[in-house]
Amino acid sequence: MATYEVDFDYWTGMAGLPLKGKPVEEVRLIQNLPRATGALSLVGSLLVIYMIVVSSKSRLSHARNRFLFAMSVLDIPFSLMFALGPVLMPQGAHEQSIGNDATCNMQGWFLQTGYGQPIYNAFFMMYFAMQIMAWARPTPGGSSSSASSLMTLADRFYEPIAHFLSIGFALGTATAGLFLQNGLYGPTPVIGRCLLVPSPFLCQKNPRVECESGWNYDAYQRGFQTIPTLVALAVQLATLLAISAYVVSHAIKMKRKHKDRMRQSGITCTTATERSSSKRSFSGGGNSSYSREVVTTAIIYGLVFFTTYFWSAIVFLRGWQKAKFWMRAMSMAFQPSQGLWTFLIQLRPRFVQVRKAYPEWWWWKVVWVSVVRGSYELPSRQNSQSSSRLVNRKSTSSMDSIRSFGRKMTNFSRRFSNVSLGDNDCDCDNDSDDDDDDVPCENEDEVSLGR
């Protein structure tokens, strides 16, 4: 089996130390895997910006869109540098390198700005938490004035601070790396990119070679990359757990209050109107479906953000040389992939709405319409049906019709049996969300008389 070797004359005889003797396939995977995910992330970030600026109805009027826009702008050069890989390294540092010291510094600068993304993610998750807690706060008479005032304060003060700190950290640390200790950016033949490393590479481990720059790079690496990433991950995890716990506790609390009110009024069953009112309690009397969508999106974002940098944190803690091969591979694959996941999360609600409106379309057409036009601007159904291919959709549509007819017949039989036999088919202490099966409920005395 072929093993990995490097040019010892150029790299002071120690460049291949971390992966020296490893199979060539493993080394090539470590170097090329982030190029693929970086390219996908670059396309995803560009599509997110397009969806927000062009095909979104609200555009940049909402704070959530502004957060995503700024994060995508920060991710574009970060993903591009990963996609280019060793191309920008100085000639002779890698078999594919065609750059010089200037391109190496540029690549290192943009890669360092990418470490502002975990901080942005943490602020974004905390904004979601404030939004959810504002909606879940009970207000007299179902008014949403308290939630609106809280989110107004968040938009006016919290959001500018979040943008300032995130972008300031990214630009500040990246620019500092150009001047500290004669420049901290240098080529790494093992990873295939210019990063925070000493020059010559690994000179600090060779007593015969004097470091020209970056001799204390490990301290700056901890301060510029490791510690901020770990702190941001801790904040994201704590916020994600807080959102989940708050939603669950609030749902249990509202359910208990609802049952207590029903018990005090002497009613054993809940009507469709009462259950609908209970569902709206989470959003302070507002749109409950939109509130549930925000909670779901927040949890998905939290899981994706945490997973993206989790493997990098593991490699940071264990050290590159001590980390297992699969840990390094996961770190290299996930670190430049945030733009791709952000695009998929941003696409999900649009895809669901368009798919629901046009179930006969192929998935690729649903994706195209969701990205280009958005769910608020759908084409007319007559034009779509005349140009759609319904061959593989007929059986599904037929089964849906049969199921719908079966549900209607079941509901009719239940209502008929209630009228003829005098039974009450209320949803007593039942948490079902199907309002179609509900019938008007009665008091306990009326139920006993009916039986």
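Owing to the predicted nature of the structure, the values given are computational and were not obtained by experimental measurement.
In this structure, Arg59 and Val54 approach most closely via the heavy-atom pair NH2-O, 3.3 Å. Ala329 and Leu33 get closest at one heavy-atom pair: O-CD2, 3.5 Å. Between Ala323 and Arg318, the shortest heavy-atom contact is CA-NE, 3.9 Å. The heavy-atom pair separating Leu111 from Cys194 by the smallest distance is CD1-O, 3.5 Å. Looking at every heavy atom in both residues, Glu212 comes nearest to Asn182 through O-ND2, 3.2 Å. Ala232 and Pro118 make their closest contact through CB-O, 3.4 Å (heavy atoms, listed as atom of the first residue, atom of the second, distance).
Two residues are said to be in side-chain contact when any heavy atoms from C-beta on lie closer than 4.5 Å; Trp363 and Trp368 fail this criterion. Contact check for Arg35 versus Pro86: side-chain heavy atoms found under the 4.5 Å cut-off. Proximity of Tyr358 to Val366: side-chain heavy atoms (C-beta onward) are nowhere separated by under 4.5 Å. The shortest side-chain heavy-atom distance between Thr239 and Phe128 does not fall under the 4.5 Å cut-off. Looking only at side-chain heavy atoms (C-beta outward), Phe123 and Leu165 come within less than 4.5 Å of each other. The shortest distance between side-chain heavy atoms of Tyr301 and Thr342 falls below 4.5 Å. Looking at Leu237 and Leu233, their side chains never come closer than 4.5 Å, going by heavy atoms from C-beta outward. Side chains of Phe69 and Val48 form no contact here, defined as non-hydrogen atoms less than 4.5 Å apart.
Remark: the backbone N or O of Tyr309 is not paired with any side-chain donor or acceptor of Gln335 at under 3.5 angstrom. At least one donor-acceptor pair under 3.5 Å links the side chain of Arg66 to the backbone N or O of Leu60. With hydrogens and angles ignored, the 3.5 Å screen pairs no side-chain donor or acceptor of Arg328 with any backbone N or O of Val315. In this structure, the side chain of Arg348 does not engage the main chain of Phe343 through any donor-acceptor pair within 3.5 Å. Not one N or O on the side chain of Tyr220 forms a donor-acceptor pair closer than 3.5 Å with the backbone of Thr173. Remark: the backbone N or O of Arg64 is not paired with any side-chain donor or acceptor of His62 at under 3.5 angstrom. Using a distance-only test at 3.5 Å, with no hydrogens or angles considered, a donor-acceptor pair links the side chain of Gln181 to the main chain of Trp215. Proximity of a side-chain donor or acceptor of Ser79 to a complementary backbone N or O of Ile76 within less than 3.5 Å is not detected. Counting only distance, with no hydrogens or angles, the side chain of Asn100 and the backbone of Thr103 share a donor-acceptor pair below 3.5 Å.
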Intermediate values then yes/no, side chain to side chain contact (heavy atoms under 4.5 Å, CB included), Leu240 and Phe306: CA-CA 9 Å; Leu240 179 61; Phe306 183 80; 5.6 Å; no
Residues Met126, Gln236; criterion side chain to side chain contact (heavy atoms under 4.5 Å, CB included); working and verdict: CA-CA 8 Å; Met126 288 189 290; Gln236 293 175 38; over 6 Å; no
Criterion side chain to side chain contact (heavy atoms under 4.5 Å, CB included) on Tyr185 and Leu178, from CA distance to verdict: CA-CA 7 Å; Tyr185 303 125; Leu178 294 173; 3.5 Å; yes
Trace of the side chain to side chain donor-acceptor pair (under 3.5 Å) decision for Ser45 with Ser72: CA-CA 5 Å; Ser45 296; Ser72 299; 4.7 Å; no
Residues Leu196, Gln225; criterion side chain to side chain contact (heavy atoms under 4.5 Å, CB included); working and verdict: CA-CA 10 Å; Leu196 286 176; Gln225 299 176 357; 3.3 Å; yes
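Seen from the ring of Trp361, Lys365 counts as a face-on cation partner, given the 6.0 Å and 45° thresholds.
Note that CG of Leu180 is 5.5 Å distant from CG of Leu184, once rounded to the nearest 0.5 Å. From Ile299, atom CD1 reaches atom CG of Leu241 across 10.5 Å, with rounding to the nearest 0.5 Å. Separating the CE atom in Met81 from the CG atom in Leu42 is a distance of 9.5 Å, to the nearest 0.5 Å. Here the CD1-CD1 distance, from Ile167 to Ile119, works out to 11.5 Å after rounding to the nearest 0.5 Å. Within the model, atoms CD of Gln91 and OG of Ser97 stand 6.5 Å from one another, a figure rounded to the nearest 0.5 Å. To the nearest 0.5 angstrom, Tyr127 atom OH is 9.5 Å from Tyr158 atom OH.
Taking a 6.0 Å sphere around CD of Glu210, one finds it holds 12 or fewer heavy atoms contributed by other residues, nucleotides or ligands.
A donor-acceptor contact closer than 3.5 angstrom is absent between the side chains of Ser337 and Thr37. Under the 3.5 Å distance criterion, with hydrogens and angles disregarded, no donor-acceptor pair is assigned to the side chains of Gln338 and Thr308. Ser312 and Ser331 share a side-chain donor-acceptor pair at under 3.5 Å. With no hydrogens or angles considered, a side-chain donor-acceptor pair links Asp75 and Gln117 at under 3.5 Å. Residues Thr113 and Trp109 bring no donor and acceptor atom of their side chains to less than 3.5 Å of each other.
The six-membered or imidazole ring of Phe224 lies away from that of Tyr115, with a centre-to-centre distance of 6.0 Å or more. A ring-centre distance under 6.0 Å is found for His163 and Tyr120.
Using cut-offs of 30° and 60° for the angle between ring planes, the Phe124 and Phe305 rings count as tilted.
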